Protein chains: 2
Amino acid sequence: MDIASAHVKGYLVEHTANTPQQLRRANMATILAVLRRSGAANGTDLIDATGLARATVIAVCDDLIKAGWVQELPAQKPSTGVQKGRPARVFEFDARAGFVVGLDIGMAKTTAVVADLKGAILAKNTVAFAAMGVRADSPAPRFTVIDQAICAALADAGAVPGEVLAAGVGIAAPVDRAGNIPSGQPMWKTFDTGIKDELQRRHGWPVLMGNDANLAALAEAWMGVGAGVQDLAVMLAGERIGFGLMESGRLLRGARGRAGEVGSLELLDGVGTPDGIARLARDLGAQTETAELTQFPSAEQVFDAAARGDAAAAKILTTIAVRLGRVIAVVATFTDPELVVIGGAVAASSAVLLEALEAELANFLPSPPRVAVSPLGDSIVSLGAVRLALDHVQEHVLELVPGGGGMRGRNSRQME
Amino acid sequence: MDIASAHVKGYLVEHTANTPQQLRRANMATILAVLRRSGAANGTDLIDATGLARATVIAVCDDLIKAGWVQELPAQKPSTGVQKGRPARVFEFDARAGFVVGLDIGMAKTTAVVADLKGAILAKNTVAFAAMGVRADSPAPRFTVIDQAICAALADAGAVPGEVLAAGVGIAAPVDRAGNIPSGQPMWKTFDTGIKDELQRRHGWPVLMGNDANLAALAEAWMGVGAGVQDLAVMLAGERIGFGLMESGRLLRGARGRAGEVGSLELLDGVGTPDGIARLARDLGAQTETAELTQFPSAEQVFDAAARGDAAAAKILTTIAVRLGRVIAVVATFTDPELVVIGGAVAASSAVLLEALEAELANFLPSPPRVAVSPLGDSIVSLGAVRLALDHVQEHVLELVPGGGGMRGRNSRQME
DNA sequence: AATATTATATTTAGAACGTAAATTTATGTT
DNA sequence: AACATAAATTTACGTTCTAAATATAATATT
């Protein structure tokens, strides 16, 4: 073994003993990471980025090409000035050396997203369980629907299942660090706890599970308004409030995967329940005197009415803003984020809440965090699932075989 | 440069390019870490722990001996069985290759603790500012008092200032990841923000700043009831409530160092203020009809009276337990710790609160965390400061010179 | 006392890696 | 065609780790 780890009075110490071979692997990982984000690079670029000598950089790149992670591009004309000297070899991380799948498995529907290894979103597919005649409480046929969403998205992306290197899955239940669901909601329990193994069995991919709000935070920190923010709170607030918390660029999960999960809020003055924006809008709408809102009110109707100047609707929005503001105030008090993002399907309409929300925050916090609305819409969880899968792939690049590998049909790239 | 780092759409990626020399350094760090926790070890032990070959292990140990971090012990008689074969060389991390200082700088007094590099506590010294005639609002002479506490503790430990490799400092103010105090309390501001530079200037040590509750968490995770717990909340609750939060074995600091800091709690039903146990006991005691408690009541008097069966005092304790329980319930809801520890000077007497506190927690949480009382007493912050300094030393071992080094008097160990 | 046993340290030879310097290569300019 | 230039490639070398062979220091056996 080359890893020794031990608990030292509560401190987990991990030691990695190194051999020259592992040294080369480390440098491969380094250069691969540089290439992943730099589009295309030549030897000199990589020398500058890594500090390694030219001979080493080229040797590593050749190794990476042989391994299938990197492609060599035809020599480029210099964009600035004239071509001087021997043309540089140009290397590029092969974003199509594999694919990842991101799943958002909800109560009513499942969304599958396919991305390449650089995170470019290639396809997205949503299938409602109801539309396929699946009852809410029947676990087995759900997987058929989920597979259908996956396969359609893969086909759209021009990928075959064998090329998928990992899948991330978001569900509305706590997920601990090991990827287990400690104690699911009664109804979902049998289904939730089986998702990981069943998907792994069906497709043979590594499957990473994540709580929906946590994945929303990953997505937001990746490609939303939270990009670059190290300390971030993302609030999913459609039907039910839930937070995804990142501190120092890392996701907080908690002992049982419940970090950011909102249980009862009866302790919070003027809040009481963890109801989300859509639900509050509906419930409060039903109680007003505005005729349009009392009958079959929907969140959209309330927001629309407020936009048109309906006083009752405007009052509802203020009430919602006050409630959310208080919840955010408490979370921000204890976790001190730089930015709080409101995400999910209700995010777009929530922009009108921002001002009232910030006013409420100011009542309770001396220096409140910034508040923003997510641009990722209802893709936020599936994008987070993609990010989760990408993180797994990036962490295990050199252990994986690009293009499917293993028993599955290898593509021509890696045949010699 | 050999480190390339860049922001990739919100993700900080750090790459370390490696050379053979860095490889040896990594193996030195590995073996040093194994030795630090294993007391004493021979070649075979280290081979098992690291996976390196015998020749490498011995060579690395010789390097470490030459560098001053490791000592070779005379061959040991085997405790079990008889000595067979050539006796093994025995290596030991030299816990006295240097020292660390932990400081708890409070409003009224300063405590200095000196420990060796294995974390053994060698000396402790507390000096009250008042006793030295220092007014609360005069920054300058405080450093004289602090230095006095440090020097006395160092002398007690048999260490000279030149042998100190780092100092950790705990203060009752937020401290961000860079070690700065973003916005101190008005009165302390000029003093607090200057502590780090002034101590560094006076002694030449690396000085690490930490919030008191955060350091309490480090201490508890190190040598308290929280040892081995990855997700931990430690509540300092003497005069004012403050939390130190650890997730996945890492301290949470937040964007401005305010993670775990309790501001106003007016949002929390039945709580309102962040008053701690001692303060609540005093305030509530003053309002009872028990004569003993109304005049100059102190926290101890209230706890004593309750222990003797005084009904009013018992009621006060229940009130306190309910308040604390509610605060803990909210923190636990959002951060999901495995264990909550009550720490500080009031910890010992707080044991009687545990039952009522757990009952209150059960009202709000479906699966509440364990709750315990810290065994570290009022040393908790200074021990955390020691841990902070030790962590710094461990992280930078191979950059430091044991025994003081640099301009300071080297000790004989490293002269050749 | 001499010899075997045994676990360990040390030496030796070899392979992999990274670097610096010299050399070659491919392009554009004169 | 000769030259300039920038990059790739080759060469020689030092460092590291490993495996195998050898030496060493203790005890046990004869």
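Residue numbers start from 1 in every chain, and the chains themselves are labelled A, B, ... in the order their sequence lines are given, proteins ahead of strands. Since we're looking at a predicted model, the values are computed, not measured.
Distances from the side chain of Thr19(B) to the nucleotides dA26(D), dG18(C), dA7(C) place dG18(C) closest. The side chain of Ala88(A) lies closest to dA7(D) when the candidates are dA9(C), dG18(C), dA7(D).
Taking Arg89(B) as the reference, Asp62(B), Glu72(B) meet the salt bridge (charged side-chain N to carboxylate O under 4.0 Å, His left out) condition, with sequence neighbours excluded. With sequence neighbours excluded, no residue satisfies salt bridge (charged side-chain N to carboxylate O under 4.0 Å, His left out) with Asp176(A). Contacts of Thr44(A) classified as side-chain hydrogen bond (donor to acceptor under 3.5 Å, both in side chains), with partners at least two apart in sequence or in another chain: Arg54(A). With sequence neighbours excluded, the residues that form a side chain to side chain contact (heavy atoms under 4.5 Å, CB included) with Leu208(A) are Ala166(A), Leu388(A), His392(A). In terms of the salt bridge (charged side-chain N to carboxylate O under 4.0 Å, His left out) criterion, Asp45(A) has no residue partners (sequence neighbours excluded). In this structure Gln200(A) satisfies the side chain to side chain contact (heavy atoms under 4.5 Å, CB included) test together with Lys196(A), Asp197(A), Val207(A), sequence neighbours excluded. Residues forming a side-chain hydrogen bond (donor to acceptor under 3.5 Å, both in side chains) with Arg177(B) (at least two apart in sequence, or on another chain): Asp231(A), Glu247(A). For the side-chain hydrogen bond (donor to acceptor under 3.5 Å, both in side chains) test, no residue two or more places apart in sequence or in another chain qualifies with Arg25(A). A search for side-chain hydrogen bond (donor to acceptor under 3.5 Å, both in side chains) contacts involving Glu395(B) returns nothing, not counting sequence neighbours.
Ile31(A) places its CD1 atom 13 Å from the P atom of dC17(C), with the value rounded to the nearest Å. In this structure, Ile58(A) atom CD1 and dT19(C) atom C1' are separated by 14 Å, rounded to whole Å. Straight-line distance from the CD atom of Gln22(A) to the P atom of dT16(D): 16 Å, rounded to whole Å. In this structure, CZ of Arg25(B) is placed 15 Å from C1' of dT15(D), rounded to the nearest angstrom. Rounded to a whole Å, the CG atom of Asp62(A) is 17 Å from the P atom of dA7(D). Protein atom CG of Asp48(A) is 13 Å distant from nucleotide atom C1' of dA7(D), rounded to whole Å. In this structure, Arg24(A) atom CZ and dC17(D) atom C1' are separated by 16 Å, rounded to whole Å. The distance between atom CG of Leu23(B) and atom C1' of dT19(C), rounded to the nearest whole Å, is 15 Å.
In the helix from dA1(C)-dT30(D) to dT30(C)-dA1(D), the rotation axis of the first five pairs and that of the last five pairs differ in direction by 30°, rounded to 10 degrees.
One finds a side-chain N or O of Arg89(A) lying less than 4.0 angstrom from the OP1 or OP2 phosphate oxygen of dT9(D). OP1 or OP2 of dC17(C) has not a single side-chain nitrogen or oxygen of Asn27(A) nearer than 4.0 Å.
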- Item | Verdict with supporting geometry, Phe93(B) and Leu32(B), side-chain contact (heavy atoms from CB on, under 4.5 Å) | CA-CA 7 Å; Phe93(B) 175 69; Leu32(B) 197 52; 3.5 Å; yes
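A donor-acceptor pair is defined here as one N or O able to donate and one able to accept, closer than 3.5 Å; such a pair exists between the side chain of Asn27(A) and the backbone of Asn18(B).
Nucleotides of DNA chain D nearest to Thr44(A) and Pro20(A) differ in position, and the one nearer the 5' end is that of Thr44(A). Between Gly85(A) and Gln21(A), the residue anchored closer to the 5' end of DNA chain C is Gln21(A), taking for each the nucleotide with the nearest heavy atom.
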So which protein nitrogen or oxygen atoms get under 3.5 Å of nucleotides 21-24 of chain D's nitrogens or oxygens?
residue	atom	partner	partner atom	Å
dT24(D)	O4'	Arg86(B)	NH1	3.4

What nitrogen or oxygen pairs link the protein and nucleotides 20-22 of chain C at under 3.5 Å?
none

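Considering all non-hydrogen atoms of both residues, Gly119(A) and Leu390(A) come closest at CA-CD1, 3.6 Å.
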